[in-house]
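Counting convention: from 1, in listed order, for ligands and their atoms alike. Everything numeric here is computed off the predicted structure, so don't read it as measured data. Computed over heavy atoms, backbone and side chain alike; hydrogens, waters and symmetry mates excluded.
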Amino acid sequence: MQEIKNNLYNAFENVLSKDLDKTLLVLQNGQKLTRRNVVKQSARIANTLKSLNAEPGDRISIQTEKVTDSIALYLACLRGGFVYHPLNPDYTSSEVSYFFEDADPTIIICDPKNEDTYKTLFGLPKKIPILTLSNRGKGSLISRSKSQSTEYRTHACTADSLVALVYSSGTTGKPKGVMLSHNNLISNAKTLIKTWKLSEADCLIHALPIFHVHGLFVGINCCLLTGGSMIFLPRFDSETVIESIPRATLMMGVPTYYNRLLKSGKLSHSKCKKIRLFISGSAPLRMDTFNDFKQATNHEIVERYGMTETLMNTSNPVDHLRKAGSVGLPLEGIATRIVNQTNEVGELEVKGPNVCLGYWRQDEATKQSLTSDGFFRTGDQARKDGNGYITIVGRKTDLIISGGLNVYPVEVETVINNIEDVLECTVFGTSDDDFGETVTAVVVRKDGSQLNAEKIIALTKQELASYKVPKAVLFVSTLPRNTMGKIQKDIIKQQFIK
Ligand code: MCA
Ligand code: AMP
């Protein structure tokens, strides 16, 4: 009987093996890597992980910068059946220790600068091997891999096997590990490829980070499944991206990227004539960005909408109306509905092969996220027009999305409230031309305290990744509360937002 190949890597292999000499990655310095280079390196890394006793289903926690071998490392996890667990390199050790404890990894891969700290992190239940990978692509992961075989027999798994654990912060409690399956990733990438008409001829500017769904499972998976290539950049930088545009056919980014490209003043119709699609997601794309970008480039940005838990749900079409301010139509195979409507606005629920397996070791939270008929509750407030176009009008929670990264106020409030001399505080998002929204804190100091904004920012930075640190700290003598004693964020926001 023929072996059923459900591993996402099998789907990539079918495409990549057709021409192993084709360029897969073009690096910032112009160096090119073929598919063969990446495939072989992925086998070496998979063998290295296996040599440290990693078994299918084991979590590999990875907190490194985005480097060339990051793709081979991702593919190595797929091939071994190991669960890929990416972490933002900006996380502080107190943030990371929670993730290590919760994900319970078999191997940790981190920047060499963190190796000693992580070896002694409290709470790690067992002695876990730590490998390193530096921002220059060096470290024990790479040195150990050198002697390993370039062959690896890809682990045969079921379509519902766990492939990745990506954490999503909750409004209350701690971040939850979103369990994604091989089938979640394969089905979503196939749907996007069809919707966006992606092909082997496409070359994607990949400037997104790869510790989130956007850069990983939208960018990388679509490219590997079509056999296209990527201009693989370590981070977003307007100058480099603008230089890359004439050589590319696709770009994916958060709205901040498009705002920054516009601000550079260096876009032109002729520079963008080879581009087929500019795609935006992860946060609302402002109408003025959509319109100004069209003027500057002759391209209408294709806005799409998704979540870690559901991957991509909707997109504006390529061949029909791309509606400014709307996230477009439901993707093929994905059912959407808007429930509990008031004035046509209600919570968006989605159902399909894109919806995750649930939350890692949190059955109750998993149960609560789904309706009795299997729809996932997104928590996003939406409206649908007569032609089926969906617009996200807000969120049920007070989540802040800053430059495409999610910040939950309660996490920042907890850190600030723990600062000596702080009586209480409230944190919310304020609108920002660059990041869309940024974090603002309003603080009540204890009587007689001289605590200032700089000190609060510096102390918060010791505990939290810098994107969560308030960009503005304001002081008041009291915070308004309702009769239940709850701080009235909306009243304070109105006071400070002009
Ligand atoms: C960095 N900083 C930020 C952010 N990023 N502050 C607020 N919001 C941010 N997103 C900090 C820096 O550490 C620095 O702090 C200061 O702000 C200014 O940094 P800057 O140089 O402007 O930042 P940058 O390095 O240029 O990064 C900004 C960025 C980056 C390019 C917008 O954050 C980015 O690539 N974001 C994309 C995130 C993403 O991929 N989201 C997808 C999530 P200091 O001055 O103190 O050093 S997946 C998802 O949402 C779903 C599934 C979906 O639909 O896609
Ligand atoms: P995450 O938790 O990082 O997966 O972020 C998912 C959230 O980002 C969604 O629930 C939305 O609130 C938001 N989001 C993603 N794409 C868009 C978009 N195009 N427009 C508005 N909000 C978006």
Novice: Which residue and non-hydrogen atom of the protein lie closest to atom 22 (O) of ligand 1, and at what distance in Å?
Specialist: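 Here the nearest protein heavy atom works out to Arg260 NH2, 2.9 Å.
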Novice: Answer with yes or no whether His212 contacts ligand 2, where contact means a heavy atom under 4.0 Å from a ligand atom.
Specialist: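 Judged by the 4.0 Å heavy-atom criterion, His212 does not count as contacting ligand 2.
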Novice: Give a yes or no on this: more than 12 heavy atoms of other residues, nucleotides or ligands lie within 6.0 Å of atom NZ of Lys489.
Specialist: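 Atom NZ in Lys489 is crowded, with more than 12 foreign heavy atoms closer than 6.0 Å.
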Novice: When you measure from atom 10 (O) of ligand 2 to each heavy atom in Asp380, Asn316, Thr308, which option holds the nearest one?
Specialist: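 Ranked by closest heavy atom to atom 10 (O) of ligand 2, first place is Asp380.
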Novice: I want to know if ligand 2 touches Thr378 in the polar sense, i.e. an N/O pair below 3.5 angstrom.
Specialist: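 No; every N/O pair is 3.5 Å or more apart.
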Novice: Pick, from Lys66, Arg304, Glu309, the option with the minimum heavy-atom distance to atom 54 (O) of ligand 1.
Specialist: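 Nearest heavy atom to atom 54 (O) of ligand 1 lies in Arg304.
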Novice: Determine the interplanar angle of the Tyr91 and Phe99 rings, folded into 0 to 90°, and report it as parallel if under 30°, tilted if 30 to 60°, perpendicular if over 60°.
Specialist: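 Because their plane-to-plane angle is under 30°, the rings of Tyr91 and Phe99 count as parallel.
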Novice: Once you measure the plane-to-plane angle for His206 and Phe232, does it fall in the parallel (<30°), tilted (30-60°) or perpendicular (>60°) bin?
Specialist: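 If you compare the ring of His206 with that of Phe232, the planes turn out tilted.
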Novice: Go through ligand 1 atom by atom and flag the ones less than 4.0 Å from a non-hydrogen atom of Tyr467.
Specialist: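 Counting atoms of ligand 1 from 1, those under 4.0 Å from Tyr467 are 3 (C), 4 (C), 6 (N), 7 (C), 8 (N), 9 (C).
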Novice: Side chains of Asn184 and Ser181 only: does a donor on one sit below 3.5 Å from an acceptor on the other?
Specialist: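 Yes, a side-chain donor-acceptor pair sits under 3.5 Å.
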Novice: Numbering the atoms of ligand 1 from 1, which are under 4.0 Å from a heavy atom of Val213?
Specialist: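 Near Val213, meaning under 4.0 Å from one of its heavy atoms, ligand 1 has 52 (C).
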Novice: Should Glu303 be counted as touching ligand 2, given the test is an N or O pair under 3.5 Å?
Specialist: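 So ligand 2 has an N or O lying under 3.5 Å from an N or O of Glu303.
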Novice: For the pair Asn316 (side chain) and Glu303 (backbone), establish whether a donor and an acceptor sit closer than 3.5 Å, ignoring hydrogens and angles.
Specialist: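 Side chain of Asn316 to backbone of Glu303, a donor-acceptor pair under 3.5 Å: yes, one is there.
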